[in-house]
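All of these numbers come straight from a predicted model, not from anything done at the bench. Order of the sequence lines fixes the chain letters, A, B, ..., with proteins taken first and strands second; residue numbering starts at 1 for each chain.
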Number of protein chains: 2
Amino acid sequence: MVTLKQLAEQLNVSVSTVSKALNNSEEISKDTIQRVKELAKHLNYQPNRMALSLKSNKTKTFGVIIPNVLNHFFAKALYAIEKEASRQGFSIITCVSNELLEKEEQSLQVLSNGSVDGFIMSIAEETQVKNSTDHISLILDQDIPIVLFDRVADLSCDKVIIDDFGASYEATKHLLSEGRKHIVLISDIEELSVGKLRTNGYLKALEENIDYKQPPIVIHVNKDNDVEASIENLFMSNPKVDGILSIDNTSGVVALHKALKKGFKVPEDLSIIGFSDENVLVFTDPKLSTISQHTMDIGKATVELLIDRLNKKNTTTHVTKTIKTNLILRGTTK
Amino acid sequence: MVTLKQLAEQLNVSVSTVSKALNNSEEISKDTIQRVKELAKHLNYQPNRMALSLKSNKTKTFGVIIPNVLNHFFAKALYAIEKEASRQGFSIITCVSNELLEKEEQSLQVLSNGSVDGFIMSIAEETQVKNSTDHISLILDQDIPIVLFDRVADLSCDKVIIDDFGASYEATKHLLSEGRKHIVLISDIEELSVGKLRTNGYLKALEENIDYKQPPIVIHVNKDNDVEASIENLFMSNPKVDGILSIDNTSGVVALHKALKKGFKVPEDLSIIGFSDENVLVFTDPKLSTISQHTMDIGKATVELLIDRLNKKNTTTHVTKTIKTNLILRGTTK
DNA sequence: TTGAAAGCGCTAACAG
DNA sequence: CTGTTAGCGCTTTCAA
C-alpha cells in the first residue's frame, strides 16, 4: 500500500501538503499540486478506505441483508442495489439471512460497528412469523438508517414495497373478466406479509364479483414438501379449475407444466398468472403471464431512499415508496 | 457508537486498561476485567471495525466479483461463499461485473485500497474474450491474494474449477451408450474458457467412438438473440436429432420445451442433458438430466483457499482445486 | 496491576 | 504557500 507518508518523503514535503494537494486545496501552489499528483499517479496511490472511514465516520458502504439469493426476486434486487450503489460510489456488504432470525440478528450486529453507513434489507421468514423485530429497532435506535423492502415490518423507517394487494386484485379481476368460474390461488408464502396481502387482493376481487358463486380456494404449497404433488392434487380435487393465480415466484411454472401434462389447454381451458419479474419463468411454452414486480426499480429506490436519509439524518418522517406493478399478459391468459 | 474511551471515562480507568480487559489480558485484575466487561455488555459496546482494520492491516473482508447474479450458478456460488465466509468470521463485499471488463477493473481498483484482504472472482466474458488480465496481475503484484473460480485465466494464483472437459466427455459418452446417433451440442458460452473445454469434451467423445458416423453439430445460441428460434431451427434442420447436450445453464430447458412441443418423445426419441446444479431447471416435466456442478462445494473451496493463502502469504506455489461433477440422470435420459 | 504514549493513514485547524 | 499538531478508535510497548 502506498501512503501519503511515502509520497511526502519522496517529494520532501509534509504529509498534509500532499493530502491537500491531492484534494486540490487552494492553499497549495499549482506546481506542488502537479508534482504530487504525478507521483501519486505513478505509484498508483489509493487513499486507504479504513483511514478515511475512521476519520470521517462514514464508510461509503451499505449492508444488504436478503433472505435468499437463490430466489430470483432477491437476486435481481441485489443486482439492482449493487448497480445503483456502485453508480453512486457506494460498496455493498451482502449478507444472506437464509430466512433465519438468528442469522439476521447476527448480520445486523456484526455490521453495526461502523462497518456500514446504513442497511437495506428484506425480512427473513422466521422473523416475520415470530414478528420479532427488536434487533431491527436496536439498530434504528443507534441512528443507523435502514431501508426495508418487499417484506417489511411495522417499524418507523423508510420502505419500498409494491402494491401487493392491488396487484393480485387486478390479476384476479382479469381472470374474472375472462369469464373464469373456478379460480384457485396457489401460494408458498402464506406466512409472509406480502403473501397475506396478495391473498387478500384475490379474496376481495372474488367477493366483489356478484356473478362468481364459488368459494375461494387457496392452496398452500410448502417449499419443503412436494410442491408438485400438491399441485397435481389440486387438479384431481378441483377438475373444474379454469383459473390459477400463483402468488409466489415459482409455483406458477409448476402449475403450468402439470396442467399441460393433465391435458388442459392453456389458455383455452385454463388461465394461469404467476407473480414475478420477467425471468427464466418465461422459458415456458406457452409463456407464463405474470404480475411484473419491476425489481430493478425496487432495488434502485432502496438505494435512493437510503442515500437521501444519510443526507438529512435529522428528519423523523419516514417515507414508504410503492413501486407500480404491471400485469403482463403472455401466453397463459386469454 | 460506544468507544473504549467512553467506557474508560465511566469506569475511571485508562483506555488501555479497558482494551486489555476486554482482551482478557493477564495484566489486568480479575475484578477490573469483570467491571469492564459488564459495562461493555450493558452499553452494547462493539469494537470499531475501521479502527481495528487500520491498526492490524486486516479487514476480515473479501471482495467477491461475479459476472452476473441472475445466473443461477453464480447466485449459488455467491451464496456458498457468503455462507462459508461468514462462518469463518469474514464479511464479503459483492461486486457484479455484468460481464464487463471495465466494471471488473473498477471493482478491483476500488477495493484494493485496504478494503479487503483478498478477492474471490470469476472472470467477465468480455475479459475472457479480450484475454486482458493486466488489471488482475496488478492486484496480484501488490500481494493481494485472488482466488479465481469457474472462469479462470492463465495467472499464478489459486483456482477452483470443475473438470469441464471431462464432464461433457462423460455426458456425451452416456448419450452414445444409449445408442444415440445424432447428438447435438448447444451452447451460449462459446466465448468462455469453460465453454471451449466443454465443447472439446463432446468432440473428443464422438471422435473416439468408431460407430458414430455423423459429424459433430455445435449450435451456438446467443443470449441476445432469439434462443428459442435457434433451437426451433435446430429441430427443423436436424429432424433426426436424438441426443442433445446443453453446456450452458439454460438452453437445455428451452430445448426440452421445444422438443416436447414438436412432438418428440423424451427420452424415448430424444435424450437431453443440461449443465447446472440442481435448481429450478428441474421444474420441468420430465425432469431434466444434468451435469451437476456442486456449486456449494465450489464456493466453499474458494473461501478455504483464500483463507489458507492469507495464513501463509509467502509461499509462491499456487493450487488449483478441481471439484468433481456428477452426471445426474433424471427424466430426460434413458 | 495500571497508565502514558506512539502509531496505523488520513484530514483539518492553526501556525508560520 | 507549507508545516505542525491533534485526533478518529484501537492495540501495544514501555514505564510507573
Side-chain angles (χ1 to χ4, degrees), chain A residues 1-37 39-40 43-61 89 110-117 142-144, chain B residues 1-37 39-40 43-61 89 110-117 142-144:
Chain A
M1 272 233 56
V2 185
T3 65
L4 288 189
K5 195 173 171 184
Q6 292 171 36
L7 297 183
E9 277 164 6
Q10 287 211 31
L11 293 167
N12 272 316
V13 294
S14 75
V15 171
S16 58
T17 301
V18 177
S19 169
K20 288 172 187 162
L22 289 173
N23 292 304
N24 294 310
S25 164
E26 302 276 297
E27 297 177 8
I28 308 295
S29 71
K30 298 248 177 292
D31 179 58
T32 309
I33 290 188
Q34 178 162 7
R35 282 172 53 229
V36 169
K37 287 196 168 178
L39 184 62
L43 297 182
N44 190 29
Y45 165 78
Q46 299 293 341
N48 181 303
R49 171 189 232 161
M50 298 302 159
L52 248 23
S53 292
L54 190 56
K55 192 89 188 92
S56 67
N57 217 9
K58 295 198 174 80
T59 62
K60 291 292 243 170
T61 305
V110 167
L111 296 182
S112 63
N113 58 357
S115 297
V116 301
D117 293 340
Q142 294 169 58
D143 261 322
I144 302 178
Chain B
M1 274 232 59
V2 185
T3 65
L4 288 189
K5 196 174 171 184
Q6 293 170 36
L7 298 182
E9 276 166 7
Q10 288 211 30
L11 294 166
N12 272 318
V13 294
S14 75
V15 170
S16 54
T17 301
V18 176
S19 169
K20 287 171 187 164
L22 289 172
N23 292 304
N24 294 313
S25 165
E26 303 275 297
E27 297 178 9
I28 307 295
S29 69
K30 297 247 178 289
D31 179 58
T32 309
I33 291 189
Q34 179 162 5
R35 283 172 54 229
V36 169
K37 286 196 169 177
L39 185 63
L43 297 182
N44 190 29
Y45 166 78
Q46 299 294 338
N48 181 303
R49 171 188 231 159
M50 298 302 157
L52 247 25
S53 293
L54 190 56
K55 193 88 186 100
S56 67
N57 218 10
K58 293 197 175 81
T59 63
K60 292 291 242 172
T61 305
V110 167
L111 297 182
S112 63
N113 58 357
S115 298
V116 300
D117 292 340
Q142 294 169 56
D143 261 321
I144 302 177

B:Glu26 CD to C:dT2 C1', straight-line distance once rounded to whole Å: 15 Å
N/O donor-acceptor pair under 3.5 Å between B:Asn48 side chain and B:Met50 backbone: yes
Residue list, side chain to side chain contact (heavy atoms under 4.5 Å, CB included) with A:Asn57, at least two apart or on another chain: none
A:Leu4 CG to C:dT11 C1', straight-line distance once rounded to whole Å: 9 Å
B:Ser19 (side chain) donor-acceptor with B:Val15 (main chain) under 3.5 angstrom: no
OP1 or OP2 of D:dC8 under 4.0 Å from side-chain N/O of B:Asn48: no
Separation of C:dT11 P from A:Arg49 CZ (nearest whole Å): 15 Å
Side chain proximity check, B:Val13 to B:Val18, heavy atoms < 4.5 angstrom: yes
Interatomic distance where CG belongs to B:Leu22 and C1' belongs to C:dT2 [whole Å]: 15 Å
B:Thr61 (side chain) donor-acceptor with B:Val116 (main chain) under 3.5 angstrom: no
Value in whole Å for how far the C1' atom of D:dT11 lies from OH of B:Tyr45: 10 Å
Of residues 51-59 of chain A, the positions that come close to DNA chain D - non-hydrogen atoms, cut-off under 4.0 Å: A:Leu54, A:Lys55
Contact list (N/O, under 3.5 angstrom) for nucleotides 2-4 of chain D vs protein:
unit_1 : atom_1 : unit_2  : atom_2 : d
D:dT2  : OP1    : A:Thr32 : OG1    : 2.9
D:dT2  : OP2    : A:Ser29 : N      : 3.2
D:dT2  : OP2    : A:Ser29 : OG     : 3.3
D:dT2  : OP2    : A:Thr32 : OG1    : 3.0
D:dT2  : O4     : A:Glu27 : OE1    : 3.3
D:dG3  : OP2    : A:Ser14 : N      : 2.9
D:dG3  : OP2    : A:Ser14 : OG     : 3.4
D:dG3  : OP2    : A:Thr17 : OG1    : 2.6
D:dG3  : N7     : A:Ser16 : OG     : 3.4
D:dG3  : O6     : A:Lys20 : NZ     : 2.2
D:dT4  : O4     : A:Ser16 : OG     : 3.0

Whole angstrom value for the distance that separates P of D:dG9 from CG of A:Asn113: 13 Å
With sequence neighbours excluded, residues passing side chain to side chain contact (heavy atoms under 4.5 Å, CB included) with A:Lys37: A:Leu22, A:Asn24, A:Ile33
Whole angstrom value for the distance that separates P of D:dG9 from CD of B:Glu9: 11 Å
Residue pairs fulfilling salt bridge (charged side-chain N to carboxylate O under 4.0 Å, His left out) with at least one residue in residues 11-35 of chain A, sequence neighbours excluded: A:Lys20-A:Glu27
Sequence neighbours left out, cut at 3.5 Å: what donor-acceptor pairs do the side chains of residues 3-12 of chain B make with other protein atoms?
unit_1 : atom_1 : unit_2 : atom_2 : d
B:Thr3 : OG1    : B:Lys5 : N      : 3.4
B:Thr3 : OG1    : B:Gln6 : N      : 3.3
B:Gln6 : NE2    : B:Met1 : O      : 3.3

Expected output: side-chain B:Ser56 to main-chain B:Leu52 donor-acceptor under 3.5 Å: yes
Protein-nucleotide distance (A:Met50, atom CE; D:dG9, atom C1'), rounded to Å: 14 Å
Touch class at under 4.0 angstrom, heavy-atom based, for A:Thr3 against every strand present: sugar-phosphate
